[in-house]
Q: 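What follows is a structure written as structure tokens; I'll ask about it next.
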Amino acid sequence: MGDAATDYTIDELVVTALAKEFPDDTVAFNGAVSFVPVCALLLARATHAPNLIWVASSIAVDPQPKEIGESTLSDALWDGATMLQSSAADFWAYAQSGRMNSFCFRGAQIDAFGNVNNTVIGTYEQPKIRLPGGGGMADLGCQVGRIYLWSTTHDRRTFVDKLDFRSGLGWGDGGDHRQRLGLPGGPRVCVTNLCVMDFHQVSKRMRLRSVHPGVSVEDVIAQTGFELVIEGEVPQTVPPTREEVELIRRLDPTDARKREFA
Amino acid sequence: MGDAATDYTIDELVVTALAKEFPDDTVAFNGAVSFVPVCALLLARATHAPNLIWVASSIAVDPQPKEIGESTLSDALWDGATMLQSSAADFWAYAQSGRMNSFCFRGAQIDAFGNVNNTVIGTYEQPKIRLPGGGGMADLGCQVGRIYLWSTTHDRRTFVDKLDFRSGLGWGDGGDHRQRLGLPGGPRVCVTNLCVMDFHQVSKRMRLRSVHPGVSVEDVIAQTGFELVIEGEVPQTVPPTREEVELIRRLDPTDARKREFA
Amino acid sequence: MSAEDKLWALGDAAELVRDGDLVAIGGLSLNCAPMAFCRQLARAGRRDLDLLAVVSGMAVDWLIAAGCVRRLIMGLTSFEGFGLAPSFRRAAETGSIQVQEWSEHTLICALQAATAGVPFMPTRAGLGTDMPALHPDRTWEAIDERSGERYLACAAIKPDVAVIHVHEADRRGNARMNPKLVWFDTELVKAAGRVIVTAERIVETSTFRQAPERTSIPGFAVDHVIEAPRGAWPTACWPEYPYDGDFYRSYQRAARDPKAFAELFAEHVAPLSTSASMGA
Amino acid sequence: MSAEDKLWALGDAAELVRDGDLVAIGGLSLNCAPMAFCRQLARAGRRDLDLLAVVSGMAVDWLIAAGCVRRLIMGLTSFEGFGLAPSFRRAAETGSIQVQEWSEHTLICALQAATAGVPFMPTRAGLGTDMPALHPDRTWEAIDERSGERYLACAAIKPDVAVIHVHEADRRGNARMNPKLVWFDTELVKAAGRVIVTAERIVETSTFRQAPERTSIPGFAVDHVIEAPRGAWPTACWPEYPYDGDFYRSYQRAARDPKAFAELFAEHVAPLSTSASMGA
């Protein structure tokens, strides 16, 4: 993959780490405020996954945008698409049937099993903070087989032992919970500003897979509100290569990805 | 409505009688081999029901066809439409919600309650005649509030006491059966080559409303396989006026309507 | 009502909605909400509305700020990158409106059940989440006896009124998106008891007859048509105009200060009566 | 399979279907059925197929005549004004195929259930008719406890393969109808395990990128693309060519006489093996 870059920034590291997770048969779509996944999908398509299909804003199939813009639901992303898939009925059909197989989630809170909360902080009836709402989380968490989690705020407010509200399903209560509900797949990884985590095969608890350069395993533990599975030596996340950094900056020339790292 | 025509044919009488039944707020659509209803809808729109909307072939909204052609499901009918409504999902939605409120049925067999059979003559497993199948009858009979029946073969093979198969629902077993099933409306009339029938308000049995010129009440009784409700003196069906006959011949210049009177 | 003329004046738009109605609002996030119509509801001081808005932001925030809303049935309410919807947030946190959170697909299922005239629609969406328990009378888990498969049943929701914004419509209600994010809009239209279309332009019916394959909504599915040029502002009406990012930013700035918000709101939406104001 | 090249030769089309598959056939009555594909199945002598055809005629009749069909799941099978489909009729009357009659909408419900991954879809369609009792394991009446409302549950049907015909497609599976009677076709596409699109023309992907709002089916929903000019003949491919009424008439005439039918069938479809022939 070429030489490691020396001047990359954290957003570029996160984008690269997430991009590597998308296999070539990915058909992914994205929701609002999803600059990191959009960048990562563009990077994956430009590198190891040329057949990856990205449905921008869950609307524009396989577009070639010149830049990313202020909203990941807006038309800035749709240039050169092969299809504008604008009906909800068709969209949901393909998400439910598995033809669109991949979606990236973030949440104001994420728990050890990759469940997410974007509804309230505090109680539902008297919230301390009323968040935007689950939107499609409750739907896609159940219907899409390949879920990718990301977070740009890896701390104990985000990674909590118990969600204030379960807006979207990850591995549920862990173990075979999803399977018992009759649901496909589940979360595969969670890429954050500190590390990359996957899920223990049996318990489905989050497991530390690699820590980013300059971050220690202890740092991650200190910033995580639940007990992580840690097995043996935890390697370092492979930093982006020069080529990857150049590609990211070309694919996202206005630095939209940095909006998530404010 | 002008003078009675003197040279009209039976198809023109049937078309005129059916046309009169469509109120101005009709939104009707049609299926296969429906020359008589298509003609009647065109006539109604050109006379007393200018706001009537006809969805040709259940596809082309409010078209202005020059002629009717060989198939009432084909594009010959679609000229000048305001919309081509080509998705089944949208079509069914509007039929189910009542926005499209009217449909005309025919059947190889019709019973006293306006139920229809287009599936088999004989038993289902070993049919004497395998008919085309119910198609949308089982659906639209339940979902559409205003059902109009027509037949160009008023005889005891068609108007039977017991259907060999109930493909489409009219008033079901009669009385409040439809209501008990939670279904809207029901059949309003049945226009045939001999007479016009409607339905008794309580029992929902077919009732002779008028006999066509030259047809006696006894003729109708002799050709009907079930007991008709007959109340008092049965008037004659009002024959078409000269204007109506001229209009029919203009709207259907190739005499497509006569195909049903072979 | 005549099939021939469904045209209605924007200034009289609020007459089409009664206090207490369940009103479904079209659009998707920063895109193509019927904002001019919402402004009329705010100005007329409609009260106790139940809003259904699958993925919305500014439209809902305006109506909450103006005190029109009793209950919000929603999937997502936000200004995306421009932050949380401030009036929505405050009203939810103080309990001055009732927020009934569903999810995008379960709301669509509930609308489709209303359209089809069936008691509920089944889906896998929402299983295992906390959402169904928020309205257990409307969403409940069930198991199909025959297959043993689990599903979530979503009870029918039939809006009294749906309002959407399109590019072009005629007096008969035919409507065309050129193209746009139809997304949930047609689902609202199919389910609602009455349908109101606001349009950038009123065009002749002949425009539809010339390209019938491009018509998005048939006239018979629409009850009222309202001309509303730039009627989606400050949301986008792609491809004709983009969302107004500057407005979103100044709205957020103003929301920090009751006086500034009241001024901005009076200028762009409606005067805030002190009692009604949720935004200030 | 590569997302880049899904092109398949018409001559090898039958390889895409296995004996015993449940094959959903697109088109509507006299319109736009994948006839060239059906001809290949007939020639290859596929056996024991379960066909799902919502409203069809000639396609089903060919496959029955050629002895390919074990069971037909259908709403309507006819030649409209050209009469009853002769091979279908004879096979149904002699019991040589199993006819499972549903209705148009209940079949759509069954397909939608498969698409959504739910055990059944509820509908009012079919209530009070004799249809549900034909397959009580697949369609059953039920009452929603909460509302007391009655519905017909339609169990999911997932076709192994769906085949539809369109105007234009590219090697990646993007497909466009210009326009056509989509009608049930997209419902088949969404539900099926594998999707085959036959197209009048193969075009470059750039054709789709130039007018993305006109694309009917996204490439990711299609597994194989087959070039088949006049591939809907003798059904219509509106607006490019009409149905061939003369062929329907001569087919009906020939069907009265085994020898004449075998000749016509060999000329236009496939040679009839004596044992397999249902048409003769």
Side-chain angles (χ1 to χ4, degrees), chain B residues 31-33 35 57-59 70-76 78 84 86-89 91-92 95-96 115 117-120 122 124-143 163-170 172-173 177-178 180-184 256 259-260, chain D residues 28-31 54-55 57 74-82 84-85 88-95 99 101-106 108-109 112 123-132 134 141 148-152 177 179-187 236 238-239 242-243 245 248:
Chain B
V33 199
F35 300 103
S57 320
S58 306
I59 286 164
E70 271 177 324
S71 158
T72 56
L73 287 188
S74 90
D75 57 278
W78 307 346
L84 292 174
S86 83
S87 116
F91 164 79
W92 285 110
Q96 290 172 310
N115 305 297
N117 170 22
N118 212 29
T119 299
V120 286
Y124 185 84
E125 293 72 23
Q126 295 195 300
K128 208 176 126 224
I129 306 176
R130 173 65 228 198
L131 297 163
M137 281 178 173
D139 313 319
L140 300 172
C142 293
Q143 296 170 333
L163 301 178
D164 289 351
F165 190 91
R166 191 190 281 175
S167 314
L169 192 72
D173 304 337
H177 189 198
R178 268 187 88 89
R180 279 185 283 120
L181 293 172
L183 303 177
R259 291 169 179 272
E260 293 194 43
Chain D
L28 175 71
S29 192
L30 306 180
N31 300 280
V54 186
V55 174
M74 59 160 249
L76 188 86
T77 305
S78 93
F79 290 178
E80 287 191 46
F82 301 112
L84 299 171
F88 159 69
R89 183 181 167 185
R90 190 169 301 123
E93 291 172 5
T94 60
V99 179
E101 180 164 326
W102 289 54
S103 66
E104 297 176 24
H105 188 58
T106 54
I108 296 299
C109 286
Q112 289 178 338
T123 177
R124 287 183 306 190
L127 289 175
T129 71
D130 290 339
M131 179 272 291
L134 294 178
E141 251 187 72
E149 286 175 42
R150 203 174 289 264
Y151 62 91
L152 187 76
M177 297 139 172
K180 74 165 211 183
L181 289 170
V182 174
W183 217 225
F184 311 113
D185 280 11
T186 47
E187 303 301 322
W238 182 75
Y243 60 80
Y248 276 86

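Source: prediction; values computed, not measured. In what follows, every chain begins at residue 1, and chains take the letters A, B, ... in the order their sequences are listed.
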Q: At what distance, to the nearest 0.5 angstrom, does CG of D:L30 lie from CD of B:E70?
A: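 Going from the CG atom of D:L30 to the CD atom of B:E70 covers 9.0 Å.
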Q: Can you measure from OG1 (D:T129) to CG (B:N117) and round to the nearest 0.5 angstrom?
A: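 Answer rounded to 0.5 Å: 11.0 Å.
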Q: Non-hydrogen atoms of chain D under 4.5 Å away: do they reach the side chain of B:F165, the backbone, both or neither?
A: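 For B:F165, the contact with chain D is made by backbone and side chain together.
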Q: Using heavy-atom distances under 4.5 Å, tell me whether D:L134 contacts chain B through its side chain, its backbone, both, or neither.
A: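 For D:L134, side-chain heavy atoms alone lie under 4.5 Å from chain B.
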Q: Are the side chain of B:R130 and the backbone N or O of D:F88 linked by a donor-acceptor pair below 3.5 Å?
A: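 Looks like no, no N/O pair under 3.5 Å.
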Q: If we define contacts as heavy-atom pairs under 4.5 Å, which of B:G141, B:G122, B:S87, B:G182 has the most with chain D?
A: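 Of B:G141, B:G122, B:S87, B:G182, B:S87 has the most heavy-atom pairs under 4.5 Å with chain D.
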Q: What part of D:W238 lies closer than 4.5 angstrom to a heavy atom of chain B: side chain, backbone, both or neither?
A: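 Answer is side chain: those atoms of D:W238 sit under 4.5 Å from chain B.
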Q: Heavy-atom cut-off 4.5 Å, strictly under: side chain, backbone, both or neither for D:A92 against chain B?
A: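 D:A92 touches chain B through backbone and side-chain heavy atoms alike.
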Q: How long is the span from the CG atom in B:D139 to the OG1 atom in D:T123, to the nearest 0.5 Å?
A: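 Rounded to the nearest 0.5 Å, the CG-OG1 separation comes out at 7.0 Å.
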Q: What part of D:M131 gets within 4.5 angstrom of chain B, counting heavy atoms only: side chain, backbone, both, or neither?
A: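 Interface part for D:M131: both.
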Q: Distance from D:D130 atom CG to B:T119 atom OG1, nearest 0.5 Å?
A: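 Here the rounded value is 8.5 Å.
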Q: Can you tell me which portion of B:R180 sits under 4.5 Å from chain D's heavy atoms? Options are side chain, backbone, both or neither.
A: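 Only the backbone of B:R180 comes within 4.5 Å of chain D.
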Q: Specify which of B:H177, B:Q143, B:R178 makes the most heavy-atom pairs with chain D at under 4.5 Å.
A: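 The answer is B:Q143.
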Q: Can you tell me how far the CD1 atom of B:I59 sits from the CG atom of D:L181, to the nearest 0.5 Å?
A: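 The CD1 atom of B:I59 sits 4.0 Å away from the CG atom of D:L181.
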Q: Sort out for me which of D:G81, D:G126, D:S78 touches chain B most, counting heavy-atom pairs under 4.5 Å.
A: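 Ranked by contacts with chain B, first place is D:G126.
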Q: Taking all non-hydrogen atoms of both residues, which atom of D:E104 and which atom of B:G136 are closest, and how far apart?
A: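 Taking D:E104 first and B:G136 second, the nearest heavy atoms are OE2-N, 3.0 Å.
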Q: Relative to chain D, which segment of B:L181 carries a heavy atom at a distance below 4.5 Å: side chain, backbone, both, or neither?
A: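 Both backbone and side chain.
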Q: To the nearest 0.5 Å, what is the distance between OH on D:Y243 and CG on B:L73?
A: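 D:Y243 OH to B:L73 CG: 9.5 Å, rounded to 0.5 Å.
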Q: Select, from B:C142, B:G133, B:G135, B:A88, the one with the greatest count of heavy-atom pairs under 4.5 Å involving chain D.
A: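 If we count pairs closer than 4.5 Å to chain D, B:G135 comes out on top.
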Q: Does any backbone or side-chain atom of B:I129 lie under 4.5 Å from a heavy atom of chain D? Answer side chain, backbone, both or neither.
A: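 B:I129 touches chain D through backbone and side-chain heavy atoms alike.
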Q: Looking at B:M137, B:R166, B:E125, which has the largest count of heavy-atom pairs under 4.5 Å with chain D?
A: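 Of B:M137, B:R166, B:E125, B:R166 has the most heavy-atom pairs under 4.5 Å with chain D.
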Q: Counting only non-hydrogen atoms closer than 4.5 Å, does D:F82 touch chain B with its backbone (N, CA, C, O), its side chain (CB onward), both, or neither?
A: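 Answer is side chain: those atoms of D:F82 sit under 4.5 Å from chain B.
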Q: So which of B:A76, B:S58, B:S57, B:A89 has the largest heavy-atom pair count under 4.5 angstrom toward chain D?
A: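 When all of B:A76, B:S58, B:S57, B:A89 are compared, B:S58 has the most.
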Q: When only pairs under 4.5 Å are counted, which of B:A95, B:G172, B:G168, B:S71 shares the most heavy-atom pairs with chain D?
A: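 The candidate making the most pairs under 4.5 Å is B:S71.
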Q: Any sub-3.5 Å donor-acceptor pair from B:Y124's side-chain atoms to D:E101's backbone N or O?
A: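 Present.
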Q: Work out which heavy atom in D:E93 is nearest to a heavy atom in B:P127; give both atom names and the distance.
A: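 Heavy atoms only, the tightest pair is CG-O, 3.7 Å.
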Q: Which one wins on heavy-atom pair count under 4.5 Å against chain B: D:R124, D:M74, D:K180?
A: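 Result: the option with the highest number of such pairs is D:R124.
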Q: At a heavy-atom separation under 4.5 Å, does D:T186 approach chain B through its side chain, its backbone, both, or neither?
A: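 Neither part.
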Q: Is chain B contacted by the side chain of D:V54, its backbone, both, or neither, given a heavy-atom distance below 4.5 Å?
A: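 Contact with chain B: none, neither part.
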Q: Please look at B:Q96 and chain D and tell me whether the side chain, the backbone, both or neither of the residue comes under 4.5 angstrom of a heavy atom of that chain.
A: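 For B:Q96, backbone and side chain are both near chain D.
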Q: Please examine the side chains of B:P132 and D:L84, heavy atoms only from C-beta on, and report whether any two atoms are closer than 4.5 Å.
A: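 When only atoms from C-beta onward are counted, B:P132 and D:L84 do touch, with a gap below 4.5 Å.
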Q: B:L169 versus chain D, heavy atoms under 4.5 Å apart: side chain, backbone, both or neither?
A: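 Both backbone and side chain.
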